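Chain letters run A, B, ... following the sequence lines, proteins first and then strands; every chain starts at 1. Only heavy atoms go into these numbers, but all of them, side chains included; no hydrogens, no water, no symmetry mates. Keep in mind it's a predicted model, so treat the numbers as computed, not measured.
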Amino acid sequence: MTEQKIKRHFIQRIIDEDNLTGKFDNKVLTRFPPEPNGYLHIGHAKAICVDFGIAEEYGGQCNLRFDDTNPTAEEEEYVNAIKEDVKWLGYHWDNLCFASDYFQQMYDYAVQLIKQGDAYICDLTADEIRNTRGSLKEPGNESPYRNRSDDKNLDLFNRMAKGEFPDGSRTLRAKIDMTHPNLNMRDPVMYRIMHAVHHNTGNTWCIYPMYDWAHGLEDSIEGITHSLCSLEFEDHRPLYDWFLDRLDVFHPQQIEFARLNLSYTVLSKRKLKKLVDGDVVNGWDDPRMPTLSGMRRRGFTPESIRKFMDEVGVAKRDNVMEITKLESILRHDLNKRSQRRMAVLNPLKVIITNYPKGQIEELKAVNNPENDKAGTRQIPFSKEIYIEKDDFMEDPPKKFFRLAPGREVRLRYAYFIQCTKVIKDDDGNVVELHCTYDPETKGGSAPDGRKVKATLHWVSAEKAIHAEVRLYDRLFAKPKPDSEENFLDVLNPDSLKILENCKCEPSLQNVGIGEQIQFERLGYFCKDPDSSNDHLIFNRTVPLRDTWAKIEKQIN
RNA sequence: UGGGGCGUCGUCUAAGGGUAGGACACCUGGUUUUGGUCCAGGCAGUUGGGGUUCGAAUCCCUGCGCCCCAGCCA
């Protein structure tokens, strides 16, 4: 407990200090400010956890604010998806805000700056502005329109807003310093002309504010105390401060922290959109996507994502979290909450030769060994069953404990069986096994105390229900796809494997969509929303840790 | 290169002048009717060089390396 108190990250320390000095009257008001131009991904989840988490911790508030200043990129669909994802993560915004609600006020502030001589209308084209901005080494040159009279600027700005000029013909620029070593301070554009329909304001405006101009105002208007954002905006903070100082309005404190990176994945909306638009995946909510909607469909719990963020930490250094860490936390969470079921993904028929034909026995199985309250259920057992193809080897290596000719293993919750005969097709593939069972071992233990080295999952052939199972793997084959010349070159060709012929125990018919289930010895799965009553589809969220696979790898 | 930022086990992250700790990964072993879980143990780190100090990951100086910025994107 005290240990938790001691481990304060740098943002908490800054706020602690502010509260000590009374900088913001001990108030904490943060905001999560997404642009509605795509779906939220796990990188955003870090920002959400920091923004909402800080507010929660200090008894403050957090706004959800859509930074909708560019109508050509933004859509209502994204607004709705973002709201849903934030709620799913378990956070509740205190105010729902839109930058577009402040357009008039921003306009008025712009007029103020023009009157103060701090902004001017520039007739340069985008190319010309770029060419006069200078470079990292060279200072820029002043625009020939820089010294227009305030009246002329006011008139032109007014007419810009009225729609008298075509797109791109003029901008409003801050009059700062074209030789400033920080490129952002070289007379940045505040407004551009865009005759575009805005999802929120419709046709009301044909000039739209730029991020640098708008964002600080949004924070100031809402009374945000600590404006938390990612590292790339550090260079913008002086400009943010400059605008607020010139306007002499409430001045939030911007604090920057490192964004999350994840190995074997990409976390940029641009690249994710490319995967969607290029049909590399099946939409934003494809279970392979690092989007929150994709992860939700895959079977992630919001708790596991939040726990992950706790462990990720908050700091300023660049980082790449290993995806194994996420998976580890996921498994830990799923292990505690998931009911166990049996399903066979790659079925191999087994006939128990000495079991009475036509007999069905109901056997008791534990629903969750981690949670007694989950209770038990009955599973049907019969003469013909399916086991996993991988659980039999005709000529097993030393460390393979599972079924082999002449060997005895346990069927989970059922009987010991011994393999007596291997049936093959003309090509030599094993297609069926004959086994005998020991009636004395009902439930899975032998009265004479003899042991077996393996326990297999199985499904009654007579009572099995059919399902499609989708096995997902990481989308990329290289740990840092962002560092590749083209991230699309390192896609993992096996990121999705569809198994059409899977056999499930009957109780699986009734699971709800998204309900997390452990298929014993295989992994965690959940029913996909594409399922129908006569066509079950299960997504594999994450496999169980597989020690045998590791040993197998060492052998080869 | 001008400006801004950052360097602690393989990967994240603590230690803010006083024993470099934790998690994941990896390796052992134990328990086990899931080769799961759980438990125990192990491996492994302060970017280099100076300085201040009884004592430096921490403070100072100086190298080196990495990231961001030249959209009318955010």
Per-nucleotide protein contact along nucleotides 35-43 of chain B, 5' to 3', at a 4.0 Å heavy-atom cut-off (B base, S sugar-phosphate only, - neither), is BBSS-----
What string of B, S and - do you get for nucleotides 62-69 of chain B, 5' to 3', if B is base contact, S is sugar-phosphate-only contact and - is no contact with any protein heavy atom under 4.0 Å? -----SBB
Tell me whether the side-chain N or O atoms of A:Lys325 pair up with the base of B:A23 as donor and acceptor below 3.5 Å, since no angle test is needed here. yes
Taking the [atom1] atom of each, how far is [N] from [M], in whole Å?
N     : M     : atom1 : answer
B:C59 : B:G10 : P     : 23 Å
B:G36 : B:G48 : C1'   : 46 Å
B:A56 : B:U47 : P     : 15 Å
B:G29 : B:U58 : C1'   : 39 Å
B:G3  : B:U62 : P     : 14 Å
B:U28 : B:C68 : C1'   : 44 Å
B:G45 : B:U52 : C1'   : 25 Å

Classify [X] by what it touches in the nucleic acid, base, sugar-phosphate, or nothing, heavy-atom distance under 4.0 Å.
X        : value
A:Tyr191 : nothing
A:Met185 : nothing
A:Ile129 : base
A:Arg133 : sugar-phosphate
A:Val320 : sugar-phosphate
A:Thr324 : sugar-phosphate
A:Glu322 : base
A:Ile207 : nothing
A:Ala214 : nothing
A:Glu311 : sugar-phosphate
A:Thr69  : sugar-phosphate

[N], OP1 or OP2 - any side-chain N/O from [X] closer than 4.0 Å?
X        : N     : answer
A:Lys550 : B:C26 : yes
A:Arg130 : B:G71 : yes
A:Arg317 : B:U13 : yes
A:Arg192 : B:C73 : yes

Check whether [X] reaches the backbone of [Y] with its side chain - one donor and one acceptor, N or O, closer than 3.5 Å.
X        : Y        : answer
A:Ser263 : A:Ile323 : yes
A:Asn37  : A:Ala73  : no
A:Arg31  : A:Asp219 : no
A:Ser143 : A:Tyr145 : yes
A:Asn367 : A:Ala374 : yes

Measure centre to centre between the rings of [X] and [Y], then say whether the value is under 6.0 Å.
X        : Y        : answer
A:Phe538 : A:Phe525 : no
A:His236 : A:Tyr240 : no
A:Tyr78  : A:Tyr39  : yes

Below 4.0 angstrom, which residues in residues 157-180 of chain A have at least one non-hydrogen atom near RNA chain B? A:Gly168, A:Thr171
Give a yes or no on whether a salt bridge exists between [X] and [Y], defined as a side-chain N under 4.0 angstrom from a carboxylate O.
X        : Y        : value
A:Glu388 : A:Arg402 : no
A:Asp16  : A:Arg8   : yes
A:Asp390 : A:Arg521 : no
A:Lys307 : A:Glu311 : yes
A:Glu327 : A:Arg474 : yes
A:Glu303 : A:Arg337 : yes

Between atom [atom1] in [X] and atom [atom2] in [N], what is the gap in whole Å?
X        : N     : atom1 : atom2 : value
A:Asn319 : B:G5  : CG    : C1'   : 14 Å
A:Met210 : B:A70 : CE    : P     : 11 Å
A:Leu239 : B:C73 : CG    : P     : 15 Å

Choosing from [options], which nucleotide comes nearest the side chain of [X]?
X        : options             : answer
A:Lys316 : B:G16, B:G5, B:A74  : B:G5
A:Gln554 : B:C6, B:C27, B:C72  : B:C27
A:His9   : B:A14, B:C12, B:C73 : B:A14

Paired stems touching RNA chain B, three or more consecutive Watson-Crick or G-U pairs with both distances under 3.5 Å? B:2-7 with B:64-69, B:10-13 with B:21-24, B:26-30 with B:38-42, B:47-51 with B:59-63
Search all heavy atoms of A:Ala343 against all heavy atoms of A:Val459 and return the closest pair with its distance. CA-CG2, 4.0 Å
Throw together a table of side-chain donor-acceptor distances under 3.5 angstrom for residues 541-550 of chain A, partners on residues two or more places apart or in other chains.
unit_1   : atom_1 : unit_2   : atom_2 : d
A:Thr541 : OG1    : A:Arg298 : O      : 2.7
A:Asp546 : OD1    : A:Trp548 : N      : 3.2
A:Asp546 : OD1    : A:Ala549 : N      : 3.0

Report the residues that fulfil side-chain contact (heavy atoms from CB on, under 4.5 Å) with A:Asp372, sequence neighbours left out, ordered by chain and then residue number.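 By the side-chain contact (heavy atoms from CB on, under 4.5 Å) rule, A:Asp372 matches no residue at all.
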When A:Asn368 and A:Val314 are each assigned the nearest nucleotide of RNA chain B, the 5'-most assignment goes to A:Val314
Of A:Gly313 and A:Lys442, the one whose nearest nucleotide on RNA chain B sits closer to the 5' end is A:Gly313
